[in-house]
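Just below is one structure, and these are the notes that go with it.
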Number of protein chains: 2
Amino acid sequence: MGIKERRERQKEVLREEILDAARELFAKEGYDSVSMRKVAEKIEYSPTTIYLYFKDKSDLLFSLCEETFEKLLHNFEEITKHSTDPVECLEIGLCNYIRFGLTHPNHYKVAFMSRPEDLSLEDISRFISPDSMGTKAYLHLRDIVAECIKQKKFKELDPELVAQSLWLASHGVVSLLIVKCHFPWVERERLIDHTIKNMLSGLKA
Amino acid sequence: MGIKERRERQKEVLREEILDAARELFAKEGYDSVSMRKVAEKIEYSPTTIYLYFKDKSDLLFSLCEETFEKLLHNFEEITKHSTDPVECLEIGLCNYIRFGLTHPNHYKVAFMSRPEDLSLEDISRFISPDSMGTKAYLHLRDIVAECIKQKKFKELDPELVAQSLWLASHGVVSLLIVKCHFPWVERERLIDHTIKNMLSGLKA
DNA sequence: CCACATACTAAACGCCGTTAATAAAATTGA
DNA sequence: TCAATTTTATTAACGGCGTTTAGTATGTGG
């Protein structure tokens, strides 16, 4: 039955074409610039065709985000391999997180800054689901924090609390720098570096 | 010439009505729920009338932001009066900032989480202007940090750097808790308390 | 050859921000 | 007082949006 397979391959090709078109618009100009109609025009299909491959616009963009966050997770896991000191892992990891967000602002906005009203309940549960790249990345962060505590390099605190606090602060750096990009910030490097180092220094035993 | 004045008063009244209607929609259902048409219907005028009082939707948005900043600033200044210790001011101030954001999520979203694409260049320069409430609030924060350093209660660091870092982290707490309200966070109180205290402890001399 | 599933589309619905043209009302000046 | 003028508000429209419905080709399996 080679026919069915060819058909499925062709479907997959079109699905990728849609994603490619959307990714390009999205990376260049952000969420609002990705309109189903524009994507359709780019791939020379009618707008309704997209709905045969994605439930709706947020489904399409969710797929793009997962793609991106897979990269982030991979990046994070690489660091863990190349270092034995969990504190160092944490420092580099948080720094990378912030840099990653700042260099992929549109993806970051959709994943971490989009108003919950914009997402369907289904999308929300997908973001929170244990299989989502975001959740996996968080769990990885928590494990590293736990390791720091276990090795007595950090005070004896709840790893969940510490990991969440670190995430919140790092998110603040990314998101506010993205949104208020016209504010007269001091140099980014100092801002990122000081924020992370200051938080970690407070945690050290 | 009392006539001119009465006219201006009447204009001001309608302007306030528009702001009230917009604010209510904002507070109840968020940014997307504020459409020029809905606001118009609420005040029983035609949609185009709004354009006689505000340049466009982002101008309307800006006005609501200023309002919010003003409340924050006022709140912050009150704290300063009731305490002599700048470190305590800072701790209470940051805590209030976070609480303010969490109890007025839609206001906070409009002021600090709205996409810059939504704002015109004019609005952006208005935000940065030294007269804007946001700038004033930030300068107030920076002054308190400077005072902590001056009194040798903090390490000798750039007050600008420290103030911005504290703002970024606090913003992270507010904004991520708002957006990811379905994430399994530990209790809010612990999260807020630990984040602030940890940052401040790292700064102490 | 026909019934059927698949892939796709045209047209429409009901929103949206915004603009142009115009009407209505208030104010002014003669 | 009454016409001219300015101010205020409206109607209708433009071009966009996400999405749904109903329908058309096209190629497959019996």
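Just so it is clear: chains get the letters A, B, ... in the order the sequence lines come, proteins before strands, and each one is counted from 1.
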With distance as the sole criterion, is a donor-acceptor pair present between the side chains of B:Y53 and B:E16 under 3.5 Å? no
For a salt bridge (Lys or Arg N to Asp or Glu O under 4.0 Å) check, start with the C-alpha distance between A:R190 and A:D193, then their side-chain angles and the critical distance, and finish with the verdict. CA-CA 5 Å; A:R190 285 171 69 205; A:D193 193 66; over 6 Å; no
Base, sugar-phosphate alone, or nothing: which one does A:V34 contact when heavy atoms must sit under 4.0 Å apart? sugar-phosphate
Could you tell me whether a side-chain N or O of B:S175 sits under 3.5 Å from a main-chain N or O of B:H171, the two making a donor and an acceptor? yes
Quick one: B:M36 CE to D:dT10 P, roughly how many Å, whole number? 14 Å
Between B:E160 (side chain) and B:R142 (backbone), is there a donor-acceptor pair under 3.5 Å? no
Answer yes or no: is there a donor N or O on one side and an acceptor on the other, between the side chain of A:K155 and the main chain of A:G202, under 3.5 Å? yes
Protein-nucleotide distance (B:D59, atom CG; C:dT18, atom P), rounded to Å: 10 Å
How many whole angstroms separate atom NZ of A:K38 from atom P of D:dG15? 16 Å
Polar side-chain atom of B:K57 near backbone of B:V34 as donor-acceptor pair, under 3.5 Å: yes
A:Y31 atom OH is separated from C:dC16 atom C1', nearest whole Å, by 15 Å
Of B:S35 and B:Q10, the one whose closest DNA chain C nucleotide lies more 5': B:S35
Tabulate atom names and distances for all N/O pairs under 3.5 angstrom spanning the protein and nucleotides 8-11 of chain C.
unit_1, atom_1, unit_2, atom_2, d
C:dC8, OP2, A:Y53, OH, 2.6
C:dT9, OP2, A:S46, N, 2.9
C:dT9, OP2, A:S46, OG, 3.3
C:dT9, OP2, A:T49, OG1, 2.4

So, for B:H104 and B:F26, is the gap between ring centers shorter than 6.0 Å? no
Ignoring the backbone of A:D56, work out which of D:dT19, D:dT28, C:dG17 is nearest its side chain. D:dT19
How many Å lie between CG on A:D32 and P on C:dC15, as a whole number? 20 Å
Whole-Å distance separating the NZ atom of B:K57 from the P atom of C:dT18: 8 Å
Is the base of D:dG16 touched by the side chain of A:R37 through a donor-acceptor pair closer than 3.5 angstrom? no
B:L60 CG - C:dG17 P separation (whole Å): 10 Å
Atom-to-atom span, OH of A:Y51 to P of D:dT21 - whole angstrom: 13 Å
